[in-house]
Amino acid sequence: MAGQSSGTESQVQLRQLRPSFSSRFKEFFIRHLQVFFYSLGLLSRTPFSTLLTAASLGIALALPAGLYVILDHAKQLSGDFDSINQISLFMKQDVSTQAIERLQKKLNAWPEIAQVKHIDRAAALKEFQENSGFGDALKALKANPLPHLLIVYPSLTHNEPEQINRLLADLKKLPEVDLVQLDIQWLQRLYAIIHIAQRGIFIIGALLALAVLLIIGNTIRLAIENRRSEIVVMKLIGATDSFIRRPFLYTGFWYGLFGSLIAILLVNLSLLMISNPLTHLSSLYNNSKLFSLGLMGVNTSLTLLVSGCVLGWLGARMAVGRHLKEIEPK
Amino acid sequence: MAGQSSGTESQVQLRQLRPSFSSRFKEFFIRHLQVFFYSLGLLSRTPFSTLLTAASLGIALALPAGLYVILDHAKQLSGDFDSINQISLFMKQDVSTQAIERLQKKLNAWPEIAQVKHIDRAAALKEFQENSGFGDALKALKANPLPHLLIVYPSLTHNEPEQINRLLADLKKLPEVDLVQLDIQWLQRLYAIIHIAQRGIFIIGALLALAVLLIIGNTIRLAIENRRSEIVVMKLIGATDSFIRRPFLYTGFWYGLFGSLIAILLVNLSLLMISNPLTHLSSLYNNSKLFSLGLMGVNTSLTLLVSGCVLGWLGARMAVGRHLKEIEPK
Amino acid sequence: MILFDQVSKRYPGGNEALSNVNFHLRQGEMAFLTGHSGAGKSTLLKLIALIERTTTGNVIIGGKNLHKVSRHTLPYLRRNMGIIFQDYQLLYDRTVFDNVALPLIISGFSSREVKKRVHAALDKVGLLRYEKKYPVTLSGGEQQRVSIARAVVNKPALLLADEPTGNLDPDLSLEIMNLFMAFNQVGVTVLIATHDIPLIKQLDKRIVHLEHGQLLTVEEN
Amino acid sequence: MILFDQVSKRYPGGNEALSNVNFHLRQGEMAFLTGHSGAGKSTLLKLIALIERTTTGNVIIGGKNLHKVSRHTLPYLRRNMGIIFQDYQLLYDRTVFDNVALPLIISGFSSREVKKRVHAALDKVGLLRYEKKYPVTLSGGEQQRVSIARAVVNKPALLLADEPTGNLDPDLSLEIMNLFMAFNQVGVTVLIATHDIPLIKQLDKRIVHLEHGQLLTVEEN
Ligand SMILES: Nc1ncnc2c1ncn2[C@@H]1O[C@H](COP(=O)(O)OP(=O)(O)OP(=O)(O)O)[C@@H](O)[C@H]1O
Ligand SMILES: Nc1ncnc2c1ncn2[C@@H]1O[C@H](COP(=O)(O)OP(=O)(O)OP(=O)(O)O)[C@@H](O)[C@H]1O
Ligand SMILES: [Mg+2]
Ligand SMILES: [Mg+2]
């Protein structure tokens, strides 16, 4: 290759020292591997400051990741919560038990409805006596004043407020039905709260994503500033921009990797810390698994790792791109 | 003062160049003021990177500040929420209206009780008919099966679960009372949720406080690293540690100040962004002010500013302390 | 090899560091550049290495007008030059070996070749035993010699040196000058800025003299 | 003023840079320190300025044993010394004026006094017109002279210089040496490490010669 010509020739010419493609290809992986470990070595020479930077990244990454875990679980949970939505159909007094059972079958076939439960008049009175708090008072009743009751559970795919409203209208049109009742207020409140939570999480998530980019970019920028003289020297002896850029990009990569590892650690620690009160809460709903979050899944962890590395690389790319042109030998 | 001796004397002696106290005092404020603006000037020479650093600090400061604003409001709110706790006292059938009014007065005097409302048998039946969903069915009743009802609102200072339980026990002992009822489950759920929220906020708050310290410390550390040669030169010509340290501390201060200004901006923007859905939620509770957060108060803003500056100064102090000893001329 | 055609250089500050310089250094020639402090010697060398650009006039290196060299091809041009700087420009967080190896690594030489050449270059400046040390642990003269080794390791076609013996004792200075002469013998074009008039008087080479940015005398030997 | 008593200095790397050096420079005396590259000249000066500490033996400056100087009093001791470094050690983000003013500001002089003294010092090295420029925009020799101005601005009792004329042309070198001699005339103790043997031969001062860390000859005039 060029540059390896022996020094004994009497005339040395200006050469285009651009190496041939084959030799570039041959050396490509070796060089990258070298820089890969060289940049790791540089970081390990200053373990304390590396840890500091990685920790700030870790915190910045941990927060959106933790929010994601909770949000993801909340989505599954909303199914359970929605079963709170139940519509009570009070039958007219004169409808026979057979007619009601036919109606129950018919409603069960509607796609909007997940399940229909029949509560017998007698059973309803008993339940009412037990649960209403008017127990003793109602024992004085001679005749059962209660009608038959059908409890309708809307299916999970039809529990948006407008869908529920449409279902209610349909149910009201049934000739057998005297009265339709739904705690629509509870539903509206739930949706309002979810709406706020979504917006809040969106704001926090956006802020934190920005923070990650800022912190990585800033760190790399300062690292470049710190190695300004090195860059100058490299340029002076004929290094190309991509050659100079490479160690910085790998540094960004390593920061991202370490940062996301710390983030995974933090998220799992936090999940463990809130698991006790969550179990307690779940037990209040007679369902010990209801709110349990467990640890971060393998998929989520991998996603976090990959996005950490990509963000690190990107932040470094942006910072290097901006600064490499500014730093010129004088 | 020493050092100002004229150069014409034939023998120059080693001097203790420690300036006299009076001249130190005289120059003290001028020097500090100079460094104050000098460090600001340094930052303004690189506006982009200053902004980057201040923005990462701002985000890190904004999150705990925002949580604080919400938490602070939630505390006031919990009063409103607790009024959901109400205890129903069902009177025995044979208690007279006068006796009930006497009891109402007596209970009103208890410190645990904020208010007692009397619901007349007839009014209760009417309300029941309207709200229970069994409306028409109950119209068939000949006699009013309902007892007199007293609704007790516990006072805000006595709404911890144990206190409520004690109150319930006391109320049960009253001779006129047939039945005492409280949706204790709702209360338990509320407290479990609050417990989780508190722990979550504690975790997030701790992480973010750590992040602020890390980011500032890291930034100052890199700034010091960047000015390593300056520190070496300063030491070589006889600058004391406190002289060298001063501009870095002011730099930390400025970063903290700018960071907290950005944080105030971010928090207020976020509050504006969630104010709409919050107003909507409030209207569902028939109280348009219930959840409204408004903007950050003057006190909170000032506290944020001061703590930003102090954190900046502290982070710089830590970073400089660690590194100033390491950097020695070679 | 090096052609200065009516070159002037005015720095942003307002100084005219070089005014209307015309000068030709043929391929394989060797010359010394002298002049008082601030005469413009370093500026002239910086124009050749494209560290600065001319204000007016053209610099032509190996037939290539430097006006036409883009940011992208600049690195490849610089690889043809060995440059010794007045302030050494070493990397202080790498060993002497790594510093000298840098130009070879940039050009993509194999590790075996790198090792062989670096050892040869360090041997020439008498610093082979220091290859594992860091520059800060070397004396001023030793650092200067490391920068010389780095400039010649790549066997460049053109060697530029700014005050290469400023921190060397007279014996060593002569030795280094002899090293440059040996390079010149095998065809390398050499241009050296120096204050050491007594030394170069002995060496029987062309002397280019600058005064306040103007080329005054071109002594040909 | 300066007393070396059986001083040895071994660097962590293993080099014995100075071995058993005994040497006395009286108050108001002036001496040149010579020796080949790596002989230990800079090391000797660094021991005096407490940049390095002796491995064995004592250095006594103005009656003060440097072993007994704590981290806390060190800055005040250094303010008595004007030191000119081989690599200038200027601050590149401050103007020439600010660089030269630094020792005065550190000692707490008033702004008026600072201005007067800095102008006087810059005038002595012929750089008054450059006071508002930044060091990077100066030539090598000009930077060297800025560092000389900074060293003398404080009128120190002791002046240490490491290769102060390495980047200066012969005329300017003589001028700077005369400046040092003028300081010596008014009682300042001066110690200068240099390679410029021809120059110092003319000057009729004591010459201290180092060879591989050993003090070989002490020529008294
Ligand atoms: N970047 C710059 N900006 C402004 N002026 C500059 C710059 N670089 C050099 N100069 C000025 O140009 C003139 C020539 O500088 P140059 O460095 O070429 O001198 P030199 O001959 O190398 O001197 P020396 O022997 O002291 O190194 C000097 O007066 C210097 O102040
Ligand atoms: N920090 C250090 N660590 C290890 N070895 C060192 C260190 N500083 C200097 N040395 C070694 O000590 C020896 C003397 O160095 P010194 O700088 O005193 O030489 P010098 O006489 O000033 O040389 P020059 O004229 O080249 O500046 C040299 O061999 C050098 O390699
Ligand atoms: Mg120069
Ligand atoms: Mg030296």
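Throughout, protein chains are lettered first and strands after them, A, B, ... in sequence-line order, and every chain is numbered starting at 1. Because the structure is predicted, anything quoted here is derived from the model rather than measured.
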Exercise. Do C:His36 and C:His212 make the cut of ring centroids closer than 6.0 angstrom?
Worked result: yes
Select one option (side chain, backbone, both, neither) describing which atoms of C:Ser37 are under 4.5 Å from chain D's heavy atoms.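 Both backbone and side chain of C:Ser37 come within 4.5 Å of chain D.
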For C:Asp171, which atoms come within 4.5 Å of any heavy atom of chain D: side chain, backbone, both, or neither?
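No part of it gets close to chain D.
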Check whether C:Tyr11 forms a cation-pi arrangement with C:Lys9 (NZ or CZ under 6.0 Å from the six-membered ring centre, at most 45° off the ring normal). yes
Highest number of heavy-atom pairs under 4.5 Å with chain C among D:Thr34, D:Asn167, D:Asp196, D:Ile197 belongs to D:Asn167
Any chance you could measure D:Leu45, atom CG, to D:Ile51, atom CD1, to the nearest 0.5 Å?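 CD1 of D:Ile51 is found 8.5 Å from CG of D:Leu45.
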Leading residue by heavy atom contact count with chain D [cutoff under 4.5 Å; candidates [options]]:
options	answer
C:Lys132, C:Arg145, C:Gln143	C:Arg145
C:Leu138, C:Leu168, C:Leu172	C:Leu168
C:Gly40, C:Ser173, C:Gly141	C:Gly141

#### Entry: D:Thr54 to D:Leu47 - nearest heavy-atom pair and separation
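Reported closest heavy-atom pair: N-CD2, 3.7 Å.
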Check: What do you reckon, is NZ of C:Lys133 surrounded by more than 12 foreign heavy atoms closer than 6.0 Å?
Finding: yes
Original post:
With distance as the sole criterion, is a donor-acceptor pair present between the side chains of C:Tyr134 and C:Asn99 under 3.5 Å?
Top reply: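 Their side chains do not contain a donor-acceptor pair, so the 3.5 Å distance test is not met.
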If I measure from the heavy atoms of chain C, does D:Phe85 come under 4.5 Å with its side chain, its backbone, both, or neither?
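Neither part.
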Turns out that what part of D:Asp87 lies under 4.5 Å from chain C's heavy atoms comes down to neither
